[in-house]
Amino acid sequence: MLALGPDLLWADMNRLLAFLFHQGVLDEQFLQLQQLQDETSPNFVSEVVNIYFHESEKLLRNLRALLMEKEFSDYKKMGIHLNQFMGSSSSIGAKRVRNVCVAFRAATEQNNRPGCLRALEMLEHEYCYLKNKLHELFQIEQQRALAAGVRYPGQN
């Protein structure tokens, strides 16, 4: 396996972040989150984002379950789940996910079940894309830290 130096890995991280910002996947809130990470908490961003992923998957399951009910009519409950999803997405800088939540909420406010189903598909797609790209970013970040000699807690 070819070992990459920390400088090349840092450049890879910056390229991926620039791409995610250019595509509108992330916004400046993600940078603010990164600024809270330091030597005393080198995994801060990945820990916060992993909590977001865990909670988001619960919200997605709840949204899908509500929409799959034969006699679905609880648009208010769906709106509550979407407000939670929007808030947590905003807090980590997940701009495209948040934007889809806004469109989804508009469909719920109009009691538009077909629109809600389309929005749920879009939300699941954007969420999966975000999750894959952030996992890629965190893998590069961990490789860079290891190449630079930084040890993460729990590693031998």
Side-chain angles (χ1 to χ4, degrees), residues 9-145 152-154:
L9 292 164
W10 188 259
D12 286 347
M13 281 177 53
N14 286 332
R15 272 192 295 276
L16 179 54
L17 273 175
F19 174 76
L20 294 174
F21 278 93
H22 179 72
Q23 294 294 311
V25 174
L26 295 175
D27 64 22
E28 63 281 345
Q29 184 63 35
F30 187 79
L31 294 177
Q32 291 177 10
L33 190 63
Q34 284 186 311
Q35 291 173 353
L36 298 174
Q37 184 166 294
D38 60 20
E39 302 83 35
T40 63
S41 58
N43 299 327
F44 178 76
V45 174
S46 64
E47 289 170 0
V48 168
V49 169
N50 282 324
I51 292 168
Y52 164 80
F53 289 150
H54 179 74
E55 294 302 313
S56 295
E57 286 171 18
K58 281 196 262 185
L59 290 169
L60 284 169
R61 278 192 305 274
N62 291 342
L63 290 167
R64 180 158 291 287
L66 280 170
L67 276 171
M68 293 302 122
E69 290 176 4
K70 201 169 202 160
E71 300 297 321
F72 173 72
S73 64
D74 199 349
Y75 289 95
K76 185 175 182 177
K77 189 173 186 179
M78 185 165 286
I80 291 168
H81 290 313
L82 286 167
N83 285 339
Q84 289 174 327
F85 211 160
M86 279 191 315
S88 60
S89 296
S90 292
S91 72
I92 68 153
K95 183 179 178 180
R96 282 198 337 209
V97 170
R98 184 190 56 79
N99 290 345
V100 173
C101 286
V102 170
F104 195 160
R105 189 175 64 183
T108 66
E109 290 169 354
Q110 297 169 0
N111 296 345
N112 179 352
R113 188 174 184 177
C116 288
L117 287 166
R118 283 190 302 276
L120 178 61
E121 285 181 26
M122 287 177 51
L123 183 57
E124 289 171 334
H125 171 79
E126 288 299 334
Y127 170 77
C128 287
Y129 185 77
L130 172 72
K131 186 174 182 179
N132 289 336
K133 289 300 179 184
L134 289 182
H135 277 308
E136 182 181 340
L137 179 70
F138 296 146
Q139 285 175 342
I140 296 169
E141 184 177 36
Q142 188 171 19
Q143 289 172 358
R144 184 200 59 78
Y152 283 81

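Put simply, the side chain of L66 reaches to within 4.5 Å of the side chain of H81, judged on heavy atoms. At a threshold of 4.5 Å between non-hydrogen side-chain atoms, the residues K76 and D74 count as touching. Considering only heavy atoms from C-beta on, L137 comes within 4.5 Å of M13 through its side chain. You'll find the side chain of L60 reaches within 4.5 Å of the side chain of F85, heavy atoms only. Side-chain contact between L134 and V25 is absent, with no heavy-atom pair separated by less than 4.5 Å. Side-chain contact check for L36 versus V48: every heavy-atom pair is 4.5 Å or farther apart. Using a 4.5 Å cut-off on side-chain heavy atoms (C-beta onward), Y52 and S91 make no contact. Residues F104 and M78 meet the side-chain proximity criterion, which asks for heavy atoms closer than 4.5 Å.
In terms of heavy-atom proximity, K131 sits nearest to F53 at CA-CZ, 3.5 Å. Between L16 and K133, the closest heavy-atom pair is CD2-O, 3.9 Å. Closest heavy-atom contact between L130 and I92: CD2-CD1, 4.5 Å. Minimum interatomic distance between Y127 and S56 (heavy atoms only, all atoms of both residues): CE1-CB, 3.5 Å. Counting all heavy atoms, side chain and backbone alike, E28 lies closest to F21 at N-CE2, 3.8 Å.
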Practice item. Take R96 and Q23, measure what side-chain contact (heavy atoms from CB on, under 4.5 Å) needs, and give me the verdict at the end. Key: CA-CA 9 Å; R96 282 198 337 209; Q23 294 294 311; 3.9 Å; yes
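Of the possible polar contacts, one joining the Q37 side chain to the V45 backbone as a donor-acceptor pair under 3.5 Å is found. In this structure, S90 contributes its side chain and M86 its backbone to a donor-acceptor pair below 3.5 Å. Side-chain N or O atoms of R64 include none that pairs as donor or acceptor with a backbone N or O of L120 at under 3.5 Å.
The aromatic rings of F138 and H135 stand perpendicular to each other, their planes meeting at an angle above 60°, with 30° marking the opposite boundary.
Between Q34 and E141, the side chains place no donor N or O within less than 3.5 Å of an acceptor N or O (distance only, hydrogens not considered).
Here M68 contributes atom CE and L63 contributes atom CG; the two are 10.5 Å apart, rounded to the nearest 0.5 Å.
Sequence neighbours left out, the pairs with a member in residues 97-121 that pass side-chain hydrogen bond (donor to acceptor under 3.5 Å, both in side chains) are N83-R105.
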